[in-house]
Amino acid sequence: MAAISSEAQAARQDGGQPELHPRRGYAPYRSSVLRHPTHALVKADPEEIERTSPAFGHTDVDSYESDLTIQHSGEPLGERIIVTGKVLDGEGRPVRNQLMEIWQANSSGRYVHKRDQHPAPLDPNFTGVGRVITGDDGSYQLTTIKPGPYPWKNHLNAWRPAHIHFSLFGTAFTQRLITQMYFPGDPLFALDPIYQSIVDPAARERLVSSYDHDVTKPEWATGYRWNIVLTGPKSTWMEQDDDHE
């Protein structure tokens with residue numbers, strides 16, 4: 001990974017454009033080599049897709065869904081956190097009425113999913129999914145538990161940094177975008193091929209939230225701030241269809 005990053009940095013210093021998205025065939029990330037697209041995209045009629053795709057109304061999303069710590073009868077285990085920020089377009093304008101879905105592992109690094117075989121305990125008081133709609137100023141706020149890192153089988157002793165998945169639906173199902181938010185200072189950043197597959201350091205940094213003491217609530221939860229930029233040179237990286245770790 002270090003050699004690839006050095007190569008990308010040298011190319012950038014020689015006047016090349018920054019690489020804002022992951023390389024499709026990024027060798028250290030084994031799945032990207034095995035599954036990245038090798039053929040031209042297949043064109044589809046977006047109107048036909050939207051006639052059969054899921055739809056939602058704003059009244060379908062309850063404000064309580066933004067708090068992942070109150071979905072069961074007891075308190076979930078782990079560090080309670082508040083995550084807040086804004087969804088913006090490339091010109092810095094707020095993106096309002098944006099449906100955001102999140103999903104994540106629990107504080108032990110375990111998902112509530114049948115394919116998750118990590119031998120860490122499930123938390124009966126934490127499911128790890130939530131939803132929120134952005135306000136008129138593009139802002140959102142979630143209450144949840146800080147997820148734990150977890151192992152994956154990309155290589156020997158591979159662990160994913162703690163992260164939360166974000167899905168943004170736009171105005172139609174075909175506009176859905178997915179990304180991941182990380183936490184500052186994670187020691188696994190330099191060892192994670194998914195994070196490192198974005199070879200531009202500034203683009204990687206845009207996936208990392210910042211600790212905000214003004215968001216932190218005394219004796220209740222620590223606070224993190226993270227903005228999502230949808231377009232432009234400072235846009236937030238979004239996953240491809242086959243990225244799901």
Verdict with reasoning, L99 to V61, per side-chain contact (heavy atoms from CB on, under 4.5 Å): CA-CA 9 Å; L99 173 63; V61 182; 3.9 Å; yes
Parallel, tilted or perpendicular: rings of Y211 and Y224 (30°, 60°): perpendicular
Sidechain-backbone polar pair: T84 side chain, Y140 backbone, donor-acceptor under 3.5 Å: yes
Residues R23 and S32: side-chain donor-acceptor under 3.5 angstrom: no
Side-chain donor/acceptor of D212 to backbone N/O of G223, under 3.5 Å: no
Rounded distance [0.5 Å steps], CZ in R176 versus CZ in F169: 4.5 Å
L168 side chain reached by M238 side chain, heavy atoms, under 4.5 Å: yes
Minimum heavy-atom distance S66-S63, with the two atoms named: OG-O, 2.8 Å
Distance, nearest 0.5 Å, that separates CG of L77 from CG of L122: 11.5 Å
Short side-chain to backbone donor-acceptor contact, Q117 and K114, under 3.5 Å: yes
Minimum heavy-atom distance L188-P149, with the two atoms named: CD1-CB, 3.7 Å
Side-chain touch F183/W226, heavy atoms, less than 4.5 angstrom: no
Under 3.5 Å: donor-acceptor pair, side chain of Q98, backbone of V95: no
Main-chain N/O of P76 paired with N125 side-chain donor or acceptor, under 3.5 Å: no
Pair H36 and Y29, ring centroids less than 6.0 Å apart: no
Euclidean distance, R225 CZ relative to I82 CD1, rounded to 0.5 Å: 10.5 Å
Validation row: H165, Y111 side chains within 4.5 angstrom (heavy atoms): yes
Reported CZ-to-CD1 distance for the pair R131 and I102, which is rounded to 0.5 angstrom: 12.0 Å
salt_bridge(D137, R96) N-O dist < 4.0 Å: no
Aromatic ring pairing H163/Y182, orientation class (parallel under 30°, perpendicular over 60°, tilted between): tilted
Sub-4.5 Å side-chain heavy-atom contact between P151 and H118: yes
Matching residue for M100 among I133, I228, L142 - test: side-chain contact (heavy atoms from CB on, under 4.5 Å): I228
H113 (side chain) donor-acceptor with R115 (main chain) under 3.5 angstrom: yes
Close side-chain approach of R24 to R35, heavy-atom, < 4.5 Å: no
Note, I178 side chain near W103 side chain (heavy atom, < 4.5 Å): yes
Side-chain donor or acceptor of N106 paired with backbone N/O of G128 under 3.5 Å: no
Donor-acceptor contact below 3.5 Å, side chain R110 vs main chain A120: yes
Hydrophobic cluster identity match, V208 and W159, side-chain contacts under 4.5 Å: no
Q175 CD: over 12 foreign heavy atoms closer than 6.0 Å: yes
Point-to-point distance, once rounded to the nearest 0.5 Å, from OG1 of T143 to CD1 of I81: 9.0 Å
Minimal non-hydrogen separation, S107 against G78, with atom names: CB-CA, 3.7 Å
Non-hydrogen side-chain atoms of V112 and F126 separated by less than 4.5 Å: no
Atom pair CG (L191) and NE2 (H155), whose distance is rounded to the nearest 0.5 Å: 7.0 Å
Under 3.5 Å: donor-acceptor pair, side chain of Q104, backbone of V129: no
N154 side chain vs A158 backbone, donor-acceptor pair below 3.5 Å: no
Test: R12 and E19 ion pair at under 4.0 Å: no
Where N227 and T236 come nearest, the two heavy atoms and their spacing: O-OG1, 4.0 Å
Side chains of M1 and V199 in contact at under 4.5 Å (non-hydrogen atoms): no
Nearest atoms (heavy-atom pairs only) where K153 meets R30: O-NH2, 2.6 Å
Closest heavy-atom pair and its distance - Q196, S5: OE1-OG, 4.0 Å
Steps toward side chain to side chain donor-acceptor pair (under 3.5 Å) verdict (E79, T222): CA-CA 8 Å; E79 175 189 347; T222 53; 2.6 Å; yes
